[in-house]
Undergrad: 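This is the structure, below, for whatever I ask next.
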Amino acid sequence: MDYRKAAREVFDCIGGRENLVSAAHCATRLRLVIADNDRCDKDAVENIDGVKGVFFASGQLQIIFGTGTVNKVYDEFIQIAGIGAATKEEVKQAASAKTSIWKRAIKTLGDVFVPIIPAIVASGLLMGLLEGLSKVYPAMAESGTYTILHLFSNAAFTFLPVLIAVSAAKVFGGNQFLGAVIGMIMIHPDLLNAWSVAGAESVPAADVWFGLYRIDLVGYQGHVIPVVIAVWFMSALEKRLHKLVPEIIDLFVTPLVTVLVTGYLTLTVFGPVFSWLENGVLAGVQRLITLPFGIGAALCGALYAPTVVAGVHHMYNALEAGLLSGTGVNTWMPIATAANVAQGAAALALAIRTKNKKMKSMALPASLSSFLGITEPAIFGVNIRFMKPFVAGMAGGACGALVAGWCRIGASAYGVTGLFGYLITTDYTLQYTLVIAVSFAVAFALSWLLFREEGAGGTKGKAEAAPAPAPEAEPAEETSGEPSGETAVSAPVAGEAIPLSRVKDETFAGEILGKGMAIIPSEGRVFAPFDGTVETIFPTGHAVALKSGDGAEVLIHIGMDTVKLDGKYFTARVKDGDAVKKGDLLVEFDREKIMEAGYDVTTPVVVTNSGDYAGIRQEKSGAVEPGETVLVLEK
């Protein structure tokens, strides 16, 4: 492709130099921060040669070109724009400054609650399994094993404020151990357990602030927002003290003052005020969901997808955590499932009806990932581009959520939706199935009826947005000497092989960059999956692109968002243009340190020229070792 032409077209479509704030790129995407999003012709960008996807996220315009292409387009782009190359951190800061305070606050909540999802899911699943087994074998509830396992299932919820405090301290840049202390203060055994207040004969109280008023000495079990506010203040105070206190006494003075001041303010101000506000919000949500005839739930189901588009859906993690902690039941998850399944069904209808091969190849995997709870590929890659499928998905989400509201379905955890939701809705299996069926049927039928082929080749239903595909030539009787057969791609890293749809990144899960699979590494070494050439080894070491002797182009991307580490914990053992043999060491990385830094180490292995193959199949799942065939490419 003409890289300079593509860069010039991107530059023109975003509104030129006066609308450009900053530019950088990662392994697959051109990441731009622009002053006014409305001046960007997103539809035109989508139709630029080489562009595989376009979306706004985290204050950035992200344009997917793919590995080996994006860096060349970027080099031309910064020359045309007349700007210097920016680091990922500089672009992130520019994007953050451009984002509204409201969106930044919502994203921060997501950053706090997403890392603790595994703990909540583990406890919720264990709780659901115990309840199911005790119904099948009633005598089990009286056994010692049940007692011990029940203790396990409650642990994450009992000490939830501590988990939240540790995560919040990391997000706000404070000492995580001091954050843990603040969380412990809020649920200290000397405070009356918040869940025991209703049955208590009397509630202990104490005079505070020199006798100005009294507070109840009650713990904050069942609350989440007061913890976040308290740790935010703690982190800000700690950082300020580190600057003011002389180094010789900083180790003693800063932790003491931080805990003393934050702890007192937490129990006397932050806790009482923000727990009252949180109770009001949760009560409002509960009333909305339980409105007569399921009207409130239907409204939530219809509006869920638009909040994903707006980028404020991270707040639902905090909401679900609050519902679970306060009532023991997450009534929001079935509503989210209805909305997610509906968007997937709408995309599936388009995938079946369209004759446009590019759109079909994008819509089908995107719809499947929605059924597993990952909706971004379907929403941004397909539905929102044509709008009618998106509206059909909203309607399906409303109808499915209506059923969820009627049936009063609840879950025992948060963090999973769609088909995986069955694992945490053991008491509502039939009702949950009905929610999925109604959401799917309504959205699929409406999208099918509203579909018009003229919208499948361009964007937003405009036939003139893209030229009609050229007719394909009839295949010749004989091939022109091109090799036939299959190409094997072996596992580049030891670990657990999983389908690409399970990767928690919409670009990979939606197969926008190509088909493939992923591996959850068990060690920190990446090996060549075949004999070939290193096309690109990224300066950060987190991704490497290879080309085999017979033309297979494969991207190995170590972890999700690990480009933000800027090369920390990665050591490249090859360079661009190196010839490699199957099994040669490509990259070494510190798996444990990357995970401690909060990053998902799942490693996609993607065939970026998937269109050159008749089929690509995953050969093996589960435990794999380097050298074992995991992908087979059919000519």
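Note that these values count all heavy atoms, side chains included, but never hydrogens, waters or copies made by symmetry.
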Undergrad: Is the shortest side-chain heavy-atom distance between Val51 and Asn47 below 4.5 Å?
TA: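 No, every pair of side-chain atoms sits at 4.5 Å or beyond.
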Undergrad: Minimum heavy-atom separation for Ala509 to Ser501, with atom names?
TA: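 Heavy atoms of Ala509 and Ser501 come nearest at CB-O, 3.9 Å.
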Undergrad: Taking the six-membered ring for Trp, are Phe371 and Phe440 parallel (under 30°), tilted (30 to 60°) or perpendicular (over 60°)?
TA: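 Aromatic pair Phe371/Phe440 classed tilted.
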Undergrad: Taking Glu46 first and then Lys42, would you say they form a salt bridge - that is, a charged N and a carboxylate O separated by under 4.0 Å?
TA: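 Yes, charged N to carboxylate O under 4.0 Å.
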Undergrad: For the residue pair Met560 and Pro604, establish whether any side-chain heavy-atom pair is separated by less than 4.5 Å.
TA: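 Result yes, sub-4.5 Å side-chain heavy-atom pair found.
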Undergrad: Would you say Tyr304 and Met394 make side-chain contact, with heavy atoms under 4.5 Å?
TA: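 Heavy-atom side-chain distance check fails, nothing below 4.5 Å.
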Undergrad: Side-chain contact, heavy-atom cut-off 4.5 Å: Pro626 with Phe527?
TA: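 Heavy-atom side-chain distance check passes, below 4.5 Å.
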Undergrad: Would you say that Phe451 contacts Lys388 through its side chain, given a criterion of any heavy-atom pair below 4.5 Å between the two side chains?
TA: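 When only atoms from C-beta onward are counted, Lys388 and Phe451 do not touch, as no gap falls below 4.5 Å.
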Undergrad: Between atom CG of Leu500 and atom OG1 of Thr602, what is the distance when rounded to the nearest 0.5 Å?
TA: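 Between atom CG of Leu500 and atom OG1 of Thr602 there are 10.5 Å.
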Undergrad: Mark yes or no for whether Tyr74, through its side chain, and Ala23, through its backbone, hold a donor-acceptor pair below 3.5 Å.
TA: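 Between the backbone of Ala23 and the side chain of Tyr74 there is a qualifying donor-acceptor contact (under 3.5 Å).
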Undergrad: Decide yes or no on side-chain contact (heavy atoms from CB on, under 4.5 Å) for Val544 and Phe538, but give the supporting numbers first.
TA: CA-CA 6 Å; Val544 56; Phe538 289 85; over 6 Å; no
Undergrad: Has Lys547 got a side-chain atom pairing as donor or acceptor with Val534's backbone, closer than 3.5 angstrom?
TA: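 No, because the side chain of Lys547 does not come within donor-acceptor range (under 3.5 Å) of the backbone of Val534.
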Undergrad: Any side-chain heavy-atom pair from Arg39 and Asn37 closer than 4.5 angstrom?
TA: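 Heavy-atom side-chain distance check fails, nothing below 4.5 Å.
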Undergrad: Roughly how far apart are Ile34 CD1 and Gln60 CD, rounded to 0.5 Å?
TA: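 Going from the CD1 atom of Ile34 to the CD atom of Gln60 covers 11.0 Å.
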Undergrad: Measure the spacing between CG of Asp75 and OH of Tyr3 and express it to the nearest 0.5 Å.
TA: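 If we round to the nearest 0.5 Å, Asp75:CG and Tyr3:OH are 11.0 Å apart.
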Undergrad: Go through the steps for Val605 and Val630 under the test side-chain contact (heavy atoms from CB on, under 4.5 Å), then give the verdict.
TA: CA-CA 10 Å; Val605 181; Val630 291; 5.6 Å; no
Undergrad: Please confirm whether the backbone N or O of Gly418 pairs with a side-chain atom of Thr337, one donor and one acceptor, at under 3.5 Å?
TA: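 Checking the backbone N and O of Gly418 against the side chain of Thr337, a donor-acceptor pair under 3.5 Å is found.
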Undergrad: Do Val632 and Ile616 have side chains that get closer than 4.5 Å, going by heavy atoms?
TA: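 A side-chain contact is absent here, since even the closest heavy-atom pair is not under 4.5 Å.
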Undergrad: Checking Asn340 against Thr417: is there a side-chain donor and acceptor pair closer than 3.5 Å?
TA: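 Per modelled atom types, Thr417 and Asn340 side chains form a pair under 3.5 Å.
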Undergrad: Hey, does the side chain of Ser610 reach the backbone of Val607 with a donor-acceptor pair shorter than 3.5 angstrom?
TA: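 Indeed, once roles are kept as given, a pair shorter than 3.5 Å links the two residues.
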Undergrad: Please report the C-alpha distance between Glu634 and Arg617 in whole Å, then the side-chain angles of each, then the deciding distance to 0.1 Å, and finally whether the side-chain contact (heavy atoms from CB on, under 4.5 Å) criterion is met.
TA: CA-CA 8 Å; Glu634 302 169 355; Arg617 69 176 187 270; 2.6 Å; yes
Undergrad: Ile537 and side-chain contact (heavy atoms from CB on, under 4.5 Å): which single residue from Asp576, Asp578, Leu586 fits?
TA: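 That would be Asp576.
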Undergrad: Please lay out, stage by stage, how Ile558 and Val587 fare under the test side-chain contact (heavy atoms from CB on, under 4.5 Å).
TA: CA-CA 9 Å; Ile558 308 167; Val587 178; 3.9 Å; yes
Undergrad: Which heavy atom of Ala345 sits nearest a heavy atom of Ala443, and at what distance?
TA: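 Minimum heavy-atom contact is CB-CB, 4.1 Å.
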Undergrad: If you round to the nearest 0.5 Å, how far is CD1 of Ile80 from CZ of Arg17?
TA: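 Answer for the CZ-CD1 pair, Arg17 versus Ile80, is 13.0 Å.
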Undergrad: Output the distance between atom CG (Leu555) and atom OG1 (Thr536), rounded to the nearest 0.5 Å.
TA: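 The OG1 atom of Thr536 is 9.5 Å from CG of Leu555, to the nearest 0.5 Å.
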Undergrad: What distance separates Ile594 CD1 from Thr562 OG1, expressed to the nearest 0.5 Å?
TA: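 Those atoms lie 6.5 Å apart.
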Undergrad: For a quick test of reading the model, state the closest non-hydrogen atom pair linking Pro306 to Ala302 and the distance between them.
TA: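 In this case the closest contact between Pro306 and Ala302 is CD-O, 3.4 Å.
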Undergrad: Could you tell me which non-hydrogen atom of Ala347 sits nearest to which non-hydrogen atom of Ser367, and how far apart they are?
TA: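 Minimum heavy-atom separation between Ala347 and Ser367: CB-CB, 3.9 Å.
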Undergrad: Classify the side-chain pair Asp550/Thr487 by whether it contains a donor and acceptor separated by less than 3.5 Å.
TA: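 Yes, side-chain donor-acceptor contact under 3.5 Å.
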Undergrad: Specify whether Phe11 and Phe77 have parallel, tilted or perpendicular ring planes, treating 30° as the upper limit for parallel and 60° as the lower limit for perpendicular.
TA: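 Judged by the thresholds at 30° and 60°, the geometry between Phe11 and Phe77 is perpendicular.
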Undergrad: Who pairs with Tyr599 by ring pair (Phe, Tyr, Trp, His ring centres under 6.0 Å), at least two apart in sequence or on another chain?
TA: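 Here no residue qualifies.
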Undergrad: Should Val382 and Phe390 count as side-chain neighbours, where that means a heavy-atom distance under 4.5 Å?
TA: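 When only atoms from C-beta onward are counted, Phe390 and Val382 do not touch, as no gap falls below 4.5 Å.
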Undergrad: For Asp584, is there an ion pair with Lys581 - N to carboxylate O distance below 4.0 angstrom?
TA: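 Salt bridge: no.
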Undergrad: Mind running salt bridge (charged side-chain N to carboxylate O under 4.0 Å, His left out) on Glu596 and Lys170 for me, showing each step along the way?
TA: CA-CA 11 Å; Glu596 287 174 9; Lys170 181 178 180 180; over 6 Å; no
Undergrad: Considering non-hydrogen atoms only, spot the tightest contact between Ala351 and Thr354 and give its length.
TA: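 Shortest heavy-atom separation between Ala351 and Thr354 comes out as O-CG2, 3.7 Å.
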Undergrad: Ignoring hydrogens and angles, tell me if any N or O in the side chain of Ser490 forms a donor-acceptor pair with the backbone of Pro529 under 3.5 Å.
TA: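 Yes.
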Undergrad: Could you tell me which residues satisfy side chain to side chain contact (heavy atoms under 4.5 Å, CB included) with Glu9, sequence neighbours excluded, listed by chain and number?
TA: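 Partners of Glu9 under the side chain to side chain contact (heavy atoms under 4.5 Å, CB included) test: Lys5, Ile48.
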Undergrad: Could Asp505 and Arg29 be called an ion pair, given the rule that one side-chain N must be under 4.0 Å from one carboxylate O?
TA: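 Result for this pair is yes, salt bridge flagged.
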Undergrad: Can you name the nearest heavy-atom pair linking Thr603 to Gly559, along with the distance?
TA: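 Heavy-atom minimum between the residues: OG1-N, 3.8 Å.
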Undergrad: Got a sec, which pairs hit side-chain hydrogen bond (donor to acceptor under 3.5 Å, both in side chains) with one end in residues 508-534, sequence neighbours left out?
TA: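 Only Glu511-Lys515 qualify under side-chain hydrogen bond (donor to acceptor under 3.5 Å, both in side chains).
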